[in-house]
Amino acid sequence: MGAEGKKVAIVGAGAAGLFAGCFLKKEGIPFVILERGDKPGRKLLLTGHGRCNITNNKSPKMLKDGYHEAGSYIYSAISSFTPEDAVSFIERELKVKLKEEENYRVFPVSDKAESIRSALVSYIGSENIVTGFCCIDMDKTEEGFVVISDRGDKVEASEVILACGGRSFPETGSDGTGYKVAESMGHTITPLIPALASVEVSTKDREFTSAVSGVSVNADASLFCDRKKRATGTGSVLFTHKGLSGPAIMELSREIPRNIASSEGWIELDFTPHRSDEELDRELLQEMEGHPDSKITTLASRYVPSSVADKLGERAGVTDLRAKMVTKNARKELLKVLKHLPFHIDTPPAYETAYVTRGGVALKEIERKSMGSKLVPGLYVIGEMLDIDGVSGGYNLQAAMSEAFIAVRDIME
Ligand SMILES: Cc1cc2nc3c(=O)[nH]c(=O)nc-3n(C[C@H](O)[C@H](O)[C@H](O)COP(=O)(O)OP(=O)(O)OC[C@H]3O[C@@H](n4cnc5c(N)ncnc54)[C@H](O)[C@@H]3O)c2cc1C
């Protein structure tokens with residue numbers, strides 16, 4: 001079927017909706033983007049700390065592991081529109097030059113997310129974007145769909161692409177209203193959980209984190225719930241006034257249950273992940289024997305910044321001790337805080353700090369090759385609304401682009 005007689009309505013002008021608009025524009029298919037906010041791409045401006053980590057230039061085979069349980073589901077999309085395709089599209093069509101940094105992360109050369117956002121909007125044409133349209137309902141008709149706003153405005157369309165985002169950073173517009181629309185069309189929403197989020201620790205443990213707030217350390221983090229290890233995060237940890245953040249923490253946040261308050265949960269930090277307990281113990285012993293007059297916290301600062309070493313010394317009860325005065329038990333206490341330092345959690349992470357939402361429109365109801373609904377012909381769901389969340393590093397924007405691409409490809413066919 002050709003493009004004749006088609007008019008596609010895209011609901012949501014985030015990354016997924018805007019890229020879908022670009023692909024439709026390129027193919028000459030009429031479309032309109034309906035956005036509830038007063039401007040398109042608000043979340044896009046926040047991405048990559050304002051620099052927009054637009055993709056991760058790995059092969060689809062390597063990339064898929066970053067999407068957790070949805071890895072094999074999304075493989076079809078990311079191999080149809082790969083990170084290489086994304087770079088080529090953005091450079092050739094949107095005329096934004098990109099650069100690759102550490103760990104395959106790709107950013108605009110300008111280091112400004114705004115350059116991606118404004119290029120998307122000018123490629124699409126602002127006349128194709130309607131702002132202030134909050135979709136609350138949809139009717140399926142013989143010809144297609146009628147998309148209905150909270151003010152009663154109606155837009156007719158032959159196909160609809162839902163791209164309303166998840167629930168994270170709701171002030172950018174993605175407050176979860178899209179899920180209700182999907183539900184009204186018969187779709188199931190799997191449980192929603194803030195992911196790639198910072199974690200608040202118990203008031204008692206906050207005394208530690210707030211004292212070293214702003215300090216980042218190399219550490220691995222393990223999440224324990226009811227004494228069972230549930231997840232691990234690697235890389236670095238950032239101490240904040242209210243608790244913990246940074247890549248290692250954000251990576252495991254998707255595993256923190258919403259009912260964490262009713263179970264015993266904590267995050268254990270390991271500041272020397274490349275040494276076993278035994279190796280570290282031997283190393284500490286050697287250091288203490290080699291530097292008998294050094295303060296124990298000075299020795300600990302070989303592994304962590306000195307402000308953190310001071311707090312560790314307090315936790316281990318060895319503050320002000322010289323190495324020669326340290327007993328075997330005191331050394332074990334020091335080892336414990338260097339390798340197994342617990343921070344208790346009694347509240348689940350908040351959507352306000354979550355970069356993405358885990359859960360969403362159930363994948364079993366969406367065709368993996370097209371993002372088309374298996375329940376409602378002509379309806380597509382893309383982006384964070386789906387039950388797909390990726391690790392950080394450009395994975396989530398790549399998912400949004402690839403899903404937008406295959407949805408438009410299907411509409412074309
Ligand atoms: C701080 C931060 C930094 C991030 N950094 C990166 C990064 O560097 N790289 C990366 O890959 N990912 C990053 N992400 C994740 C990434 O931004 C998202 O996964 C991505 O934006 C999802 O795109 P989306 O279009 O599905 O949803 P969104 O970008 O959330 O867009 C959804 C749009 O739909 C609109 N909308 C919602 N409901 C309705 C409705 N009912 N009617 C009409 N419009 C509606 C919203 O207003 C919004 O404009 C980051 C996220 C955050 C919060």
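In listed order, ligands and their atoms are each counted from 1.
Ion pairing between a basic and an acidic side chain is recognised when a charged N comes within 4.0 Å of a carboxylate O; Glu171 and Arg42 show no such pairing. Note on Glu314 versus Lys311: salt bridge recorded, some NZ/NE/NH1/NH2 to OD/OE distance being below 4.0 Å. A salt bridge does not link Glu156 to Lys154: none of the charged side-chain nitrogens sits closer than 4.0 Å to a carboxylate oxygen. Between Glu69 and Arg358 there is a salt bridge, with a side-chain nitrogen of the basic residue lying less than 4.0 Å from a carboxylate oxygen of the acidic one. Ion pair Lys25/Glu93 not flagged as a salt bridge, since none of the NZ, NE, NH1 or NH2 atoms sits closer than 4.0 Å to an Asp/Glu carboxylate oxygen.
Heavy atoms of Glu35 approach ligand 1 to within less than 4.0 angstrom. Note on ligand 1: Ala163 sits in its first shell, one or more heavy atoms being nearer than 4.0 Å.
At a heavy-atom cutoff of 4.0 Å, ligand 1 is contacted by the side chain of Lys43 but not by its backbone. Contacts between Leu34 and ligand 1 below 4.0 angstrom, taking non-hydrogen atoms only, involve the backbone exclusively. Contact annotation: for Leu18 versus ligand 1, there are no heavy atoms closer than 4.0 Å. With a 4.0 Å heavy-atom cut-off, ligand 1 is reached by the side chain of Val11 but not by its N, CA, C or O.
Within a 6.0 Å radius of NZ in Lys180, no more than 12 heavy atoms belonging to other residues, nucleotides or ligands are found. Few gaps surround NE2 on His340; more than 12 heavy atoms of other groups in view lie less than 6.0 Å from it. Taking a 6.0 Å sphere around NZ of Lys140, one finds it holds more than 12 heavy atoms contributed by other residues, nucleotides or ligands. The number of heavy atoms from other shown groups lying within 6.0 Å of CD (Glu84) does not exceed 12.
The distance criterion of under 3.5 Å between nitrogen or oxygen atoms is not met by Asp175 with respect to ligand 1. Among the atoms of Gly41, none of the N or O lies under 3.5 angstrom from an N or O of ligand 1. When only interatomic distances are considered, the shortest N/O to N/O separation between Gly178 and ligand 1 does not fall below 3.5 Å. Here's the thing with Asn53: one of its N/O atoms is less than 3.5 angstrom from an N/O atom of ligand 1. For the pair Leu397 and ligand 1, the shortest N or O to N or O distance falls below 3.5 Å. Taking only nitrogen or oxygen atoms, main chain and side chain alike, Ala15 reaches within less than 3.5 Å of ligand 1. Of the polar atoms of Tyr355, none of the N or O atoms is found under 3.5 Å from an N or O of ligand 1, judged by distance alone. Distances between N or O atoms of Ala16 and those of ligand 1 include at least one value under 3.5 Å. Every N/O-N/O distance between Thr47 and ligand 1 stays at or above 3.5 Å.
Side-chain N/O atoms of Tyr380 and Asp410 include a donor and acceptor closer than 3.5 Å. If you check the side chains of Lys58 and Tyr395, you find a donor sitting under 3.5 Å from an acceptor. For the 3.5 Å distance criterion, the side chains of Asp85 and Ser88 fail to qualify, holding no donor opposite an acceptor. Of the N and O atoms on the side chains of Ser370 and Glu413, not one donor lies less than 3.5 Å from an acceptor on the other residue. Between the side chains of Ser306 and Ser301, no donor-acceptor pair is found at a separation under 3.5 Å.
For ligand 1 and Tyr395, the ligand atoms under 4.0 Å from any heavy atom of the residue are 11 (O). Residue-ligand proximity, Val356 to ligand 1, at heavy-atom distances under 4.0 Å covers atoms 15 (C), 19 (O). Remark: ligand 1 atoms within the under-4.0 Å shell around heavy atoms of Gly394 are 9 (N), 10 (C), 11 (O). Of all atoms in ligand 1, listed by their number and element, those nearer than 4.0 Å to a heavy atom of Thr172 are 47 (O). Taking a cut-off of under 4.0 Å to the non-hydrogen atoms of Phe133, the atoms of ligand 1 that pass are 42 (N), 43 (C). Interface of Cys134 with ligand 1, defined as ligand atoms under 4.0 Å from a residue heavy atom, comprises 41 (N), 42 (N). Listed by number with element, the atoms of ligand 1 under 4.0 Å from a non-hydrogen atom of Gly383 are 26 (O). Near Gly48, meaning under 4.0 Å from any of its heavy atoms, are these atoms of ligand 1: 5 (N), 6 (C), 7 (C), 8 (O).
Ring planes of Phe239 and Phe271: tilted class, angle from 30 to 60°. Aromatic ring orientation, Trp266 versus Phe224: parallel (interplanar angle below 30°, classes split at 30° and 60°). Tyr123 and Phe89 have perpendicular rings, their planes meeting at more than 60° on a 0 to 90° scale where under 30° would count as parallel.
Here the protein heavy atom with the shortest distance to atom 27 (O) of ligand 1 is Gly165 CA, 3.3 Å. Summary of contacts: the protein heavy atom closest to atom 31 (O) of ligand 1 is Gly14 CA, 3.2 Å. Of all protein heavy atoms, the one lying nearest to atom 34 (O) of ligand 1 is Gly12 CA, 3.2 Å. Here the heavy atom of the protein found nearest to atom 53 (C) of ligand 1 is Phe169 CD1, 3.3 Å. Of all protein heavy atoms, the one lying nearest to atom 44 (N) of ligand 1 is Arg36 N, 3.2 Å. Nearest protein neighbour of atom 38 (N) of ligand 1, counting heavy atoms only, is Thr177 OG1, 3.3 Å. Nearest protein heavy-atom contact of atom 37 (C) of ligand 1 is Cys164 O, 3.2 Å.
Note that Arg315 lies in the cation-pi zone of Phe343, set by a 6.0 Å cut-off to the ring centre and a 45° limit from the axis.
Within the set Glu171, Arg105, Glu384, the minimum heavy-atom distance to atom 20 (C) of ligand 1 is found for Glu384. Taking all heavy atoms of Cys135, Gly17, Ala20 into account, the minimum distance to atom 41 (N) of ligand 1 is reached by Cys135.
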